[in-house]
Amino acid sequence: MRKYFLIMKRECLYIWRDRTLRNIIIFGPILGILLFAYVYRMQVIQDIPTAIVDLDHSSQSCELREDLEAAQNLKVTDYPADYSDMETMIENGDIVVGIVIPEGYGKNITLKRQTRILAVIDGSNITFATPASSAIMEVTQTISAETGIKILVGMGMTLDEAQNAYQSIEFRQEAWYNPTLNYAYFLILALALNIWQQCCTLTAAVNVIGEIGMSSWLQIKASGISKLALFGSKSIVHLTIFMLLVLPVYFLAFVVFKLPLHCNFGLLLLFTFVFSIAIHSIGTMMSSLTNNAVDSSRLGMMVALPSFVLCGYTWPLEAMPAVIQKAAWILPQTWFFQGYNFMVFKGAEFNMLSYYFVAMLIIALVCYGISIIAVSWLER
Amino acid sequence: MRSITKIAYYEVLHILKDPILFVVVFLAPIAYVTLFGAVYFSGLLSNIPMAIVDLDHSELSREIENAYANSPYFNIVEDVDTYEELQTAMQMGEIRSGVVIPEDLQKNTSLHRHTEVLTVYDGSNLIWGYNIQKKNIEVIKQFNSENTVAYLAGKGLSSVEISSIVNAVDFNITVWYNPNINYTYFLFMGLVMMILHQLGLLSVSLTVSREKERHSWSQYLSSVLSVQQIIMGKCLPYFIINFFNYTLLLWISAQFIHVKIEGGVLLIIILGLLYDIIITFTGFFISLKAYNSLQITRCLLLLSIPLFFLSGYTWPWAYMYEPISSLGKIMPYSWMAKGFRMVTLKNLGIAEVGVIILVMVLMALAAIIINVTFNKTQKPVQETPLSVNAGNSYPRKRHV
Amino acid sequence: MEQNEEMEEIRVISVNNLVQVISRQVVLDNVNLEVAKNECLGIYGNRGSGKTSLLHIMAGIDRFKSGRVEVLGCNVRKDQSFKKHTGLLTQKRSLFRDLRTAENFELIAALKNASRQDIERVVDDFELKPYLKEPIIMLEGGIYQRVSLACAMLNSPQLLILDEVIKDIDLYSRHLIVNRLKTFNSQGGTLVCGFSNIEFCEYMDRVGWLENRQLSILTAEEARDKYNQLDRSMADRLGNTYA
């Protein structure tokens with residue numbers, strides 16, 4: 001028993017004295033969450049910079065401008081004199097939406113002639129383009145309706161009848177789980193956890209090679225301690241450290257930044273623990289297959305890095321080609337981040353996610369198995 | 001010159017001999033581009049799984065159903081008949097959007113009583129959230145205007161009159177640069193630039209630290225060559241390979257992933273060359289100063305995600321906290337991603353991109369100048385007994 | 001005046017008040033040394049005595065804390081041109097590991113601006129023809145040292161700085177190396193050799209004895225006597241019979 005305790009103690013010392021690794025794993029995840037929290041400080045897309053080019057300057061165009069200014073999510077920041085000014089502003093990225101009210105707009109309205117208003121949206125950044133086009137569509141719908149009602153009343157219809165033409169059915173839109181479509185809720189913690197999982201991979205990547213690659217391995221071999229006991233004790237230390245590292249991240253996320261959590265925190269911790277086993281197994285596998293710690297870290301990171309794109313947390317799995325969709329489930333990150341989404345936003349319970357736990361444990365078993373085979377083959 | 005080419009030649013030989021370096025330099029860029037290309041290939045969200053809970057079963061409710069069924073973006077999932085079932089299906093992720101049509105919708109509507117149809121969508125993933133919101137509005141808009149037309153026709157108005165009323169104010173909404181709001185156009189090239197950045201740095205930055213760990217760096221230090229010759233010789237192969245990868249990845253992106261790459265070829269080349277200079281020389285500098293290869297590998301790769309999100313490529317600088325966005329502004333990646341988007345997607349010319357090129361020229365100069373601090377002597381190699389895991393490397397096979 | 005210039009020419013290395021600190025530990029404290037042209041100076045010290053540090057400083061590859069080091073008339077901190085005329089053989093294997101012998105010669109020749117004829121000359125000198133195609137990591141210790149020395153001599157140096165050149169190697173290689181170094185010395189070359197085996201004293205004109213971060217200059221005989229004396233007193237202290 002004392003033997004295992006000593007191995008664990010030595011492992012803690014090893015990690016502590018590995019200055020780079022120590023600094024990375026202690027500060028990486030925390031700096032990560034602070035950084036992302038400040039990046040997504042504005043949290044939601046609102047105040048989309050908008051410019052209105054009013055070529056008409058009539059009372060009607062003034063009214064229209066007021067309607068646009070009142071539109072949700074749009075913020076009119078500029079009134080360029082003509083179309084080409086607005087074009088330049090969009091090119092330079094100063095504004096995202098440009099609206100052009102044509103000459104003779106007021107006259108046409110009074111004459112009941114059709115007029116055409118141009119709304120331009122900069123599509124180069126979708127983070128803005130999608131909410132911008134939603135906002136534009138909503139405000140234009142209202143404006144069309146108002147104008148139509150006015151015309152109908154002018155034609156002699158009663159106000160009631162005219163309104164019925166436009167407001168037969170009201171549609172109410174609701175976004176569930178994240179009603180304000182808050183980017184901070186969506187991304188901060190997920191990105192920080194992603195940094196955390198990379199730190200875990202790096203730590204695990206010196207697990208095997210950090211022993212059998214050093215001359216002190218001869219001491220261990222001579223001492224007769226079983227490899228399973230040795231690496232088992234080391235792994236327990238690693239997993240404990242992983243969990244200790246994730247706690248302050250969760251603390252910052254849920255207590256300081258008050259991100260929503262719709263599930264039982266204990267369940268989330270348990271889920272995180274199972275994931276850290278899976279991550280550790282991958283790092284361990286890499287460390288048993290390569291010739292030195294540099295290669296093992298490189299390989300580990302080459303898996304850990306694209307995993308965030310592949311796991312479907314942002315760009316949905318359903319939109320990926322079928323082959324990739326299937327392949328993505330090989331990565332424990334996919335199971336974790338999908339499950340994380342279910343838990344944090346949708347309040348999923350254990351019975352709904354039980355096979356997520358099982359899947360990550362199976363991945364861990366396979367990777368540990370490969371490591372055991374690799375080590376015994378090398379030491380044959 | 002002969003010495004430079006000799007050093008370069010042997011560096012290439014090394015790249016070919018070190019299997020992992022070979023992978024990082026030649027295969028990983030292609031592999032990552034193929035992978036990410038496949039991930040973002042569709043670029044658009046279509047077939048959004050949705051459910052319609054029809055509690056009214058009237059003509060009107062069927063019309064609403066038809067409006068969604070006719071939309072190319074929605075895919076109606078059957079067998080969801082109650083609000084509770086809708087909730088469960090949404091929670092399980094089986095559907096991402098839903099419409100609840102209340103009882104007596106038709107009756108209340110004809111009696112002009114207030115009634116509303118509920119449309120819900122999944123906000124737990126904002127890519128779903130924002131896209132479904134937009135598609136929903138489109139369907140509703142379409143449905144409403146059809147309804148208005150029908151209503152006015154019922155009032156006995158002629159179709160010319162109706163059209164002049166409905167289209168009294170005709171909004172022509174155009175999305176520039178990326179008319180379909182395609183995610184491939186938007187995100188993919190940013191990822192490609194990140195791949196080039198990280199893999200480029202990763203390969204160059206081991207060039208000196210490797211020699212130090214194998215003690216052969218002293219051969220360079222005791223040589224008669226000038227600092228510039230050594231830097232040039234060491235960087236030349238990486239510079240060429242990085243530029244080759246740049247063009248190759250652009251070609252793959254345009255040819256197979258159908259990313260929109262427009263704009264002046266000359267500008268694209270200039271941006272690529274500047275980016276390449278910055279990456280190569282920064283990598284060399286890192287290699288010169290770093291403690292060991294392991295440190296470089298660990299720190300470099302960890303920076304990928306922060307760099308991407310700091311760059312203002314997706315979430316704009318204007319929305320960030322000031323010091324954080326300034327941090328983003330000193331990163332070459334941010335400028336390259338921005339400049340490349342302006343040239344290839346927005347099709348802008350030198351007048352608009354000039355500032356970005358200027359910034360990158362300054363960065364490239366800085367990257368070259370900092371390397372001059374290297375003066376052919378090294379800090380004496382430390383062999384502190386306590387730097388356990390941070391030792392040079394763990395050679396499993398002797399001598400390798 | 002004339003005499004002074006002559007002195008300058010005779011003095012190949014001069015080290016004044018050299019202090020070296022590595023990881024906050026003083027390794028060399030106030031070391032002074034002069035090496036004359038055509039001399040063979042040995043630097044004797046145990047493991048970790050600062051031998052390698054001193055040699056690396058003289059070769060101009062390590063930075064140092066303070067003091068003044070001149071090699072072939074160049075202040076090593078300011079002027080690197082002396083490297084044209086020096087050769088270095090390090091204690092740790094420092095040839096390019098992933099290359100073959102011939103490729104090592106070629107690359108190092110490029111680094112030293114040496115020609116193809118130079119390569120042929122050193123290959124003949126050290127009888128390395130049969131090993132040219134071998135990967136460098138496959139070479140035995142003796143052959144490896146011959147290759148290293150050959151590389152150090154590619155640029156026909158005036159000064160050779162050698163760290164443990166003939167330690168633990170086969171006898172033939174050892175004698176070959178000693179022979180070539182004697183020729184080098186007799187043709188006017190200067191040698192500074194680090195060693196830790198007292199037997200090698202016989203090859204040296206003078207010995208710099210490194211102990212407790214200090215360097216003292218002795219003749220070869222004095223060095224051997226000092227060693228024997230130390231050896232005897234240690235044996236006595238522990239009660240071992242001295243053979």
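First the proteins, then the strands, lettered A, B, ... as listed; each starts at 1.
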Relative to the ring of [Y], is the ring of [X] parallel (under 30°), tilted (30 to 60°) or perpendicular (over 60°)?
X        : Y        : value
A/Tyr313 : A/Phe186 : parallel
B/Tyr130 : A/Tyr183 : parallel
B/Phe36  : B/Tyr32  : parallel

So what's closer than 4.5 Å to chain A heavy atoms on [X]: side chain, backbone, both or neither?
X        : answer
B/Leu301 : both
B/Leu327 : side chain
B/Leu126 : both
B/Leu206 : side chain
B/Thr297 : side chain
B/Leu348 : side chain
B/Leu60  : side chain
B/Gln198 : neither
B/Val23  : side chain
B/Asp18  : side chain
B/Leu21  : both
B/Tyr151 : side chain
B/Ile165 : both

Rounded at 0.5 Å granularity, tell me how far [atom1] in [X] sits from [atom2] in [Y].
X        : Y        : atom1 : atom2 : result
B/Arg96  : B/Asn75  : CZ    : CG    : 13.5 Å
B/Lys260 : B/Tyr177 : NZ    : OH    : 8.5 Å
A/Asn341 : A/Cys311 : CG    : SG    : 9.5 Å
B/Gln106 : B/Thr115 : CD    : OG1   : 11.5 Å
A/Ser134 : A/Ile45  : OG    : CD1   : 11.5 Å
B/Thr109 : B/Glu116 : OG1   : CD    : 11.5 Å

Of the backbone (N, CA, C, O) and the side chain (C-beta and beyond), which part of [X] lies under 4.5 Å from a heavy atom of chain B, both, or neither?
X        : answer
A/Gln173 : both
A/Val139 : neither
A/Ile324 : side chain
A/Tyr105 : side chain
A/Glu161 : both
A/Leu305 : side chain
A/Tyr38  : both
A/Met302 : both

Check residues 120-133 of chain A and write down every donor-acceptor pair under 3.5 Å in which the side-chain atom is one partner and the other belongs to a residue at least two apart or another chain.
| from | atom 1 | to | atom 2 | distance (Å) |
| --- | --- | --- | --- | --- |
| A/Asp122 | OD1 | A/Ser124 | N | 2.8 |
| A/Asp122 | OD1 | A/Ser124 | OG | 2.8 |
| A/Asp122 | OD2 | A/Ser124 | OG | 3.4 |
| A/Asp122 | OD2 | B/Lys346 | NZ | 3.3 |
| A/Asn125 | OD1 | A/Thr127 | N | 3.0 |
| A/Asn125 | OD1 | A/Thr127 | OG1 | 2.9 |
| A/Asn125 | ND2 | B/Thr314 | O | 3.0 |
| A/Thr127 | OG1 | B/Thr314 | O | 2.9 |
| A/Thr130 | OG1 | A/Ile126 | O | 3.3 |
| A/Ser133 | OG | A/Ala129 | O | 3.1 |
| A/Ser133 | OG | A/Thr130 | O | 3.1 |

Would you mind reporting whether B/Ile305 and A/Phe36 have side-chain heavy atoms less than 4.5 Å apart?
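Of all side-chain heavy-atom pairs linking B/Ile305 with A/Phe36, at least one is under 4.5 Å.
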
Please examine the side chains of B/Tyr121 and B/Trp128, heavy atoms only from C-beta on, and report whether any two atoms are closer than 4.5 Å.
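Sidechains of B/Tyr121 and B/Trp128: no contact.
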
Leading residue by heavy atom contact count with chain B [cutoff under 4.5 Å; candidates [options]]:
options                                : result
A/Thr147, A/Leu64, A/Asp295            : A/Asp295
A/Ile99, A/Ile117, A/Asn108            : A/Ile117
A/Leu152, A/Asn92, A/Leu317, A/Ile151  : A/Leu152
A/Leu191, A/Ile195, A/Ile136, A/Val100 : A/Leu191
A/Leu202, A/Leu181, A/Thr88            : A/Leu181
A/Asn182, A/Val323, A/Asn178, A/Val344 : A/Asn178

Can you check whether [Y]'s main-chain N or O pairs, donor with acceptor, with [X]'s side chain at less than 3.5 Å?
X        : Y        : result
A/Ser296 : A/Val206 : no
B/Asn147 : B/Phe143 : no
B/Glu213 : B/Ser293 : yes

Among the listed options [options], the residue most often paired with chain A at heavy-atom distances under 4.5 Å:
options                                : answer
B/Gly43, B/Pro19, B/Ser97              : B/Gly43
B/Leu187, B/Asn178, B/Val117           : B/Val117
B/Ser110, B/Pro316, B/Pro179           : B/Pro316
B/Asn180, B/Asn347, B/Leu45, B/Leu202  : B/Leu45
B/Gly129, B/Ser124, B/Ala150, B/Gly123 : B/Ser124
B/Lys155, B/Glu352, B/Met342, B/Lys338 : B/Lys155

Could you walk me through whether B/Gln142 and B/Glu146 satisfy the side chain to side chain donor-acceptor pair (under 3.5 Å) test, starting with their C-alpha distance in whole Å, then the side-chain angles of each, then the deciding distance to 0.1 Å, before giving a yes or no?
CA-CA 6 Å; B/Gln142 178 74 22; B/Glu146 275 168 16; 2.9 Å; yes

Is the ring centre of A/Tyr177 less than 6.0 Å from the ring centre of A/Phe345?
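No; A/Phe345 has its ring centre 6.0 Å or more from that of A/Tyr177.
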
Apply salt bridge (Lys or Arg N to Asp or Glu O under 4.0 Å) to residues A/Lys150 and A/Glu146 and explain how you reach the verdict.
CA-CA 6 Å; A/Lys150 266 186 216 157; A/Glu146 280 172 7; 5.7 Å; no

Would you say CD of A/Glu349 has more than 12 non-hydrogen atoms from neighbouring residues, nucleotides or ligands within 6.0 angstrom?
no

